[in-house]
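This report concerns only the one structure given below.
We use all heavy atoms of the structure for the numbers below, so side chains are in, but hydrogens, waters and symmetry mates are not. Remember, predicted model here, so these are calculated numbers, not experimental data.
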Amino acid sequence: PTHPRFYSELDKLLESQGAPIDTRVNLLTANHQYVSQLQGALMREIIVLVLAADYDRAIELMDSRVFYRQEDVNILHDLHADAHILKGKQYLAAGDSEAALKEFLIADTYPENQMIERSARYRGNSRVYYYTGLGYEAAGNKQAAQEFYTKAISQQRTGNEYLYYRAIAYLKTGESEEAQKIFTQMIKLGEDQLNDSGETDFFAKFGGDLTENQRKAISCRIIGLGYLGQDETEKARKLFSQSLEYDVNQLWSKVYLAEL
């Protein structure tokens, strides 16, 4: 088939069936010449490349064209921030703090070709600021690091899993008690949703219609982050694994599990 929508719809089907990431990557990259002709299909390719940890190729595709404001680009800034943060984390793990910091700073940019305006309310700001602080700390600039940890803490409108970055930023500024309050809050938050306590707007910020398994996967990750903050590593590992059992496409569940 040569029509890009064929590949877009097929990938959505594979995603809903919990197909392996490699299967989806191979489908879309092998047919990139067709996929690239439709913005929505190209977005699917970028998503699976980030899931497959091919951040360079995902970034290359995000830089390759203008993305017009349509429903399918609602998560484009998430992908931009995630790809650069995760690439930066790789540099950090390899001991290259300068390259890591550069990636973390790019994560906080809003490229013109993506046509997304900067938002002080962006849900991922706490994560971006925390990692930027970590980058500065690794580079030996403690003052700048503390400034970014404070910026992460200041994101009071944040919620769900992003609360975790406010909490660990509190740890970096020596405010352990505040951090522990958030970790406890996250466990309750995730458990309430997992048990369907009626918080109907809990997932509103994730956008789109989530399946029951996606909801459960996100809830497990939130609980797991709470336990991770409390140094309950085995409980966290179990919950991140459960998250991926519910939905293999949960990027950050994969990231957190791989780090344990």
Side-chain angles (χ1 to χ4, degrees), residues 78 81-95 97 100-108 120-191 193 205-206 217-244 250-260:
D78 286 343
D82 287 350
H84 285 286
I85 288 171
L86 292 168
K87 187 177 176 183
K89 280 166 63 66
Q90 289 180 337
Y91 281 127
L92 209 55
S97 58
L101 178 58
K102 180 182 177 183
E103 294 298 329
F104 298 147
L105 289 168
I106 294 173
D108 191 34
R121 297 186 180 186
Y122 171 55
R123 64 185 183 180
N125 278 340
S126 59
R127 178 150 63 202
V128 173
Y129 296 151
Y130 172 79
Y131 278 111
T132 305
L134 212 57
Y136 274 119
E137 185 177 337
N141 190 335
K142 291 184 179 180
Q143 181 179 341
Q146 287 298 311
E147 288 174 3
F148 273 93
Y149 293 142
T150 301
K151 283 184 76 171
I153 290 167
S154 74
Q155 301 301 299
Q156 295 185 13
R157 296 178 185 272
T158 198
N160 304 327
E161 65 190 273
Y162 300 100
L163 287 166
Y164 178 72
Y165 294 94
R166 288 191 70 216
I168 54 179
Y170 269 126
L171 292 179
K172 287 288 190 179
T173 59
E175 298 172 85
S176 177
E177 191 173 322
E178 292 299 322
Q180 293 305 322
K181 286 179 186 175
I182 294 176
F183 295 140
T184 302
Q185 175 190 353
M186 291 184 74
I187 294 169
K188 183 180 186 305
L189 193 66
E191 287 179 344
Q193 183 57 31
K205 292 182 180 178
F206 286 92
I218 294 166
S219 298
C220 284
R221 181 165 67 250
I222 292 168
I223 302 167
L225 287 171
Y227 281 125
L228 185 61
Q230 294 179 347
D231 293 325
E232 295 271 11
T233 308
E234 286 310 308
K235 287 184 180 179
R237 189 195 311 275
K238 182 179 177 182
L239 282 149
F240 297 145
S241 296
Q242 279 184 318
S243 174
L244 289 167
Q250 294 294 319
L251 171 64
W252 284 91
S253 297
K254 283 180 63 177
V255 171
Y256 299 134
L257 186 60
E259 291 178 345
L260 294 180

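Side-chain contact between Leu228 and Leu260: present, with at least one pair of heavy atoms (C-beta onward) separated by less than 4.5 Å. Counting heavy atoms from C-beta outward, Gln155 and Tyr162 have side chains that stay 4.5 Å or more apart. Inter-residue side-chain proximity for Gln230 and Thr184 is flagged as met; some heavy-atom pair is nearer than 4.5 Å. For the pair Val255/Asp82, no side-chain contact is recorded, criterion being any heavy-atom separation below 4.5 Å from C-beta on.
Under the ring pair (Phe, Tyr, Trp, His ring centres under 6.0 Å) criterion, Tyr170 pairs with no residue at all, not counting sequence neighbours. For Lys254, there are no salt bridge (Lys or Arg N to Asp or Glu O under 4.0 Å) partners two or more places apart in sequence or in a different chain. When the salt bridge (Lys or Arg N to Asp or Glu O under 4.0 Å) test is applied to Glu259, the partners found at least two apart in sequence or on another chain are Lys89. Glu234 meets the side chain to side chain contact (heavy atoms under 4.5 Å, CB included) test with Arg237; sequence neighbours excluded. Tyr131 pairs by the ring pair (Phe, Tyr, Trp, His ring centres under 6.0 Å) definition with Phe104, Tyr165, not counting sequence neighbours. When the side chain to side chain contact (heavy atoms under 4.5 Å, CB included) test is applied to Lys181, the partners found at least two apart in sequence or on another chain are Glu177, Glu178. Listed by chain and residue number, Glu137 satisfy the salt bridge (Lys or Arg N to Asp or Glu O under 4.0 Å) test with Lys172 (two or more places apart in sequence, or in another chain). Tyr91 pairs by the side chain to side chain donor-acceptor pair (under 3.5 Å) definition with nothing, not counting sequence neighbours. Evaluation of the ring pair (Phe, Tyr, Trp, His ring centres under 6.0 Å) rule for Tyr227 yields no partner, not counting sequence neighbours. Every residue meeting the side chain to side chain contact (heavy atoms under 4.5 Å, CB included) condition with Ala144, not counting sequence neighbours, appears here in chain and number order: Tyr136, Asn141. When the side chain to side chain contact (heavy atoms under 4.5 Å, CB included) test is applied to Ala169, the partners found at least two apart in sequence or on another chain are Tyr130, Tyr149, Ala152, Ile153.
Note that the OH atom of Tyr129 and the CG atom of Asp108 stand 5.0 Å from one another [nearest 0.5 Å]. Ile182 contributes atom CD1, which lies 11.5 Å from atom CG of Leu189 (distance to the nearest 0.5 angstrom). In this structure, CH2 on Trp252 lies 10.5 Å from OH on Tyr164, to the nearest 0.5 angstrom. Here CD of Glu147 is found 9.0 Å from NZ of Lys151. Values are rounded to the nearest 0.5 Å. Between atom CE of residue Met186 and atom CG of residue Leu163 there is a gap of 5.5 Å, rounded to the nearest 0.5 Å. With rounding to the nearest 0.5 Å, the separation of CD in Gln250 from CG in Leu257 is 13.0 Å.
Summarising the geometry of Arg127 relative to Ile85, their closest heavy-atom pair is CG-CD1, 3.9 Å, with the distance given to 0.1 Å. Nearest approach of Gln193 to Ser219, heavy atoms of both residues: CG-OG, 3.4 Å. Of all heavy-atom pairs between Ala167 and Ala179, the closest is O-CB, 3.2 Å. Contact between Ala81 and Val128 at its shortest, heavy atoms only, is CB-CG2, 4.3 Å. Closest approach of Gln180 to Gly229, counting heavy atoms only: NE2-O, 4.0 Å. A pairwise comparison of heavy atoms in Ala120 and Asn125 identifies O-ND2, 3.2 Å as the closest pair.
In this structure, Ser243 contributes its side chain and Leu239 its backbone to no donor-acceptor pair below 3.5 Å. Under a 3.5 Å cut-off, the side chain of Asn160 and the backbone N or O of Ile222 do not form any donor-acceptor pair. Without hydrogens or angle criteria, Ser253 side chain to Leu244 main chain gives no donor-acceptor distance under 3.5 Å.
Residues in residues 162-171 take part in no salt bridge (Lys or Arg N to Asp or Glu O under 4.0 Å) pair, two or more places apart or across chains.
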